[in-house]
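A short worksheet on the structure shown next.
All heavy atoms count here, side chains included; hydrogens, waters and symmetry mates do not.
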Amino acid sequence: MTTEHPNSPQGYKTPVGILGVGHFVPDEVLTNAELAKFVDTTDEWIVGRTGIRARRRAAPDQATSDLAIEAGRRALEAAGTRPEDLDLIIVATMTPDCPMPATSSIVQHKLGATRAGGFDLNIACSGFVYALITGAQFVASGTYQRVLVIGADCMTRLMNWKDRSTCVLFGDGAGAVVLGPVASGYGMLGIHTGVNGAGGPSLTVNAGGSRMPSWSEGVKPSDFYLQMEGPEVFRFAVSVMGEAALKALDNGGLTPEQVSLFIPHQANARIIEASRKRLNLPPARVFSNVENYGNTSCGSVPLALSEALQQGRIQDRDLIVLVGFGGGLSWASAAIRWGGQPGSG
């Protein structure tokens, strides 16, 4: 497969677009007022610093695969695609059900996607956009026709509920898309990815891997919680999100003025506002649902995309830009011309 730019899909053999979108969140709504009952915080403190008013929390018997399966099922329905017609399933997550088997294997079986291969992708909150770009390569090359990409996380499983600097930020949720060939001029027009590994220690879950297995001498319960150097991550996010969007646009020969809707990772309202200003977009061209869900990690961008579509914020031929950032430190972005689906004219 040849490309016109080393980081641009303009030379794809087959244009690749999104054929269907779906999302799913757990039933339990955990408001700021409820958090304040067991954590030293207030609704005013949380809203003022993050814009978050509530988040969803998975039930004790729910795991990441349960959220992923339902989001995937809804995306398939929206795309008019049967599970048995899928060629590949990619699940972006940093909270898999277990180290093995992969969450994608569980999803494949329970969806009944008997022909599909699958794998998990973990690059924290950037995961969905990375998985979207990865899945597109299989369609673009002509290898596969239908790829299900899911972003799902149960972030509340990693929270120290006494640490107000982290536990107020995260929630559980999932979103999914079905990728397939679209008409020329539609679909993914520009992409960009990046990692700054030097910043990795600022956002971590230290235990549970090969470096610090659960049985390690001196391992503490707190080592299994998400640890974050808030100010450093905030500075990184503010600097990278707008720049990543600009690079995806530039790689597709596009400009911010052409953007119909910007859908950033839903981590913090202040970060979203900073990236909006960097792109010089009016508020009406930025989508945010962080107020209702908090940061759902890999579920964030597809959940927002799904709700934007439900609300009529995306129309045929609209140019949308998706951006994720997260642990690693990592980032990824994609510029997509909406529509051009088979049978859409």
Side-chain angles (χ1 to χ4, degrees), residues 21-32 34-35 37-39 52-78 83 89-113 116 118-122 124-125 127-128 131 148-161 163 166-177 205 207-208 214 221 224-226 265-267 289-307 310 326:
V21 185
H23 73 274
F24 178 76
V25 292
D27 291 334
E28 183 187 356
V29 179
L30 186 60
T31 66
N32 293 344
E34 289 168 309
L35 269 179
K37 293 176 182 177
F38 55 87
V39 140
I52 299 167
R53 295 184 183 276
R55 70 284 298 144
R56 299 298 180 100
R57 183 164 60 179
D61 62 347
Q62 281 181 314
T64 293
S65 68
D66 297 309
L67 311 188
I69 289 160
E70 189 55 40
R73 185 176 288 119
R74 294 178 184 187
L76 287 167
E77 219 173 274
I89 298 170
I90 306 174
V91 176
T93 185
M94 60 175 285
T95 57
D97 287 22
C98 51
M100 185 177 66
T103 303
S104 58
S105 299
I106 300 168
V107 171
Q108 185 260 9
H109 172 64
K110 292 191 176 179
L111 280 180
F119 60 88
D120 289 3
L121 186 154
N122 177 10
C125 302
F128 173 77
L148 177 63
V149 178
I150 304 173
D153 269 311
C154 285
M155 293 301 293
T156 61
R157 299 291 202 265
L158 301 179
M159 292 300 105
N160 176 356
W161 293 105
D163 178 8
T166 55
C167 75
V168 304
L169 301 176
F170 293 91
D172 304 334
V177 302
V205 178
S214 59
F224 291 91
Y225 296 141
L226 183 142
H265 173 44
Q266 306 292 305
N289 60 7
V290 69
E291 176 181 10
N292 300 320
Y293 301 112
N295 182 348
T296 55
S297 188
C298 292
S300 166
V301 171
L303 199 166
L305 172 64
S306 183
E307 285 207 332
Q310 284 184 346

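- Qualifying salt bridge (Lys or Arg N to Asp or Glu O under 4.0 Å) partners for Glu291, counting only residues two or more places apart in sequence or in other chains: Arg53.
- In this structure, CG in Leu30 is found 14.0 Å from CZ in Phe170, a value given to the nearest 0.5 Å.
- Ile52 and Gly294 make their closest contact through CD1-CA, 3.8 Å (heavy atoms, listed as atom of the first residue, atom of the second, distance).
- The structure places NZ of Lys37 at 7.0 Å from OG1 of Thr31, a figure rounded to the nearest 0.5 Å.
- Using modelled atom types, no side-chain atom of Arg56 and backbone atom of Tyr293 make a donor-acceptor pair closer than 3.5 Å.
- Listed here is the closest heavy atom pair of Ile69 and Leu111: O-CD2, 3.7 Å.
- Side chains of Gln310 and His23 form a contact here, defined as non-hydrogen atoms less than 4.5 Å apart.
- When the side chain to side chain donor-acceptor pair (under 3.5 Å) test is applied to Thr166, the partners found at least two apart in sequence or on another chain are Asp163.
- Applying the side chain to side chain donor-acceptor pair (under 3.5 Å) criterion to Glu77, with sequence neighbours excluded, gives no partner residue.
- Minimum heavy-atom separation, Ala68 to Val107: CB-CG2, 3.9 Å.
- With sequence neighbours excluded, no residue forms a side chain to side chain donor-acceptor pair (under 3.5 Å) with Asn292.
- With rounding to the nearest 0.5 Å, the separation of CE in Met155 from SG in Cys298 is 8.5 Å.
- Residues Thr64 and Pro96 form no side-chain contact, since every pair of their non-hydrogen atoms from C-beta on lies 4.5 Å or further apart.
- Side chain of Arg57 to main chain of Pro26: no donor-acceptor pair is present (N/O by atom type, distance under 3.5 Å, no hydrogens or angles).
- Proximity of Val25 to Thr296: side-chain heavy atoms (C-beta onward) are nowhere separated by under 4.5 Å.
- In this structure, CG on Leu121 lies 12.0 Å from OG1 on Thr103, to the nearest 0.5 angstrom.
- Contact detail for Asp97 and Ser65: the closest heavy-atom pair is OD2-OG, 2.6 Å.
- The side-chain heavy atoms of Leu303 and Gln266, taken from C-beta on, include no pair separated by under 4.5 Å.
- Here the options are Leu305, Leu148, Val301, the test is side chain to side chain contact (heavy atoms under 4.5 Å, CB included), and the partner is Val177; only Leu305 passes.
- The backbone N or O of Cys154 sits less than 3.5 Å from a side-chain atom of Thr95, completing a donor-acceptor pair.
- To the nearest 0.5 Å, the span separating SG on Cys167 from CG on Asn160 amounts to 7.5 Å.
- Sorted by first and then second residue, the pairs that involve residues 64-73 and meet salt bridge (Lys or Arg N to Asp or Glu O under 4.0 Å), not counting sequence neighbours, are Glu70-Arg73, Glu70-Arg74.
- In this structure, Asp120 contributes its side chain and Ala102 its backbone to no donor-acceptor pair below 3.5 Å.
- The backbone N or O of Ser297 lies less than 3.5 Å from no partner atom in the side chain of Asp153, so there is not a single donor-acceptor pair.
- With sequence neighbours excluded, the residues forming a side chain to side chain donor-acceptor pair (under 3.5 Å) with Asp172 are Thr156, listed by chain and number.
- Smallest separation of non-hydrogen atoms from Ala131 and Val149: CB-CG1, 3.6 Å.
- For the pair Asn295 (side chain) and Ser300 (backbone), a donor-acceptor distance under 3.5 Å is absent.
- Taking the side chain as every heavy atom from C-beta outward, Leu35 and Val168 approach each other to under 4.5 Å.
- With rounding to the nearest 0.5 angstrom, the SG atom of Cys125 is 6.5 Å from the CE atom of Met94.
- Between Phe224 and Leu158 the shortest side-chain heavy-atom distance does not fall below 4.5 Å.
- Closest of all the heavy-atom pairs between Ala75 and Ala176 is CB-O, 3.6 Å.
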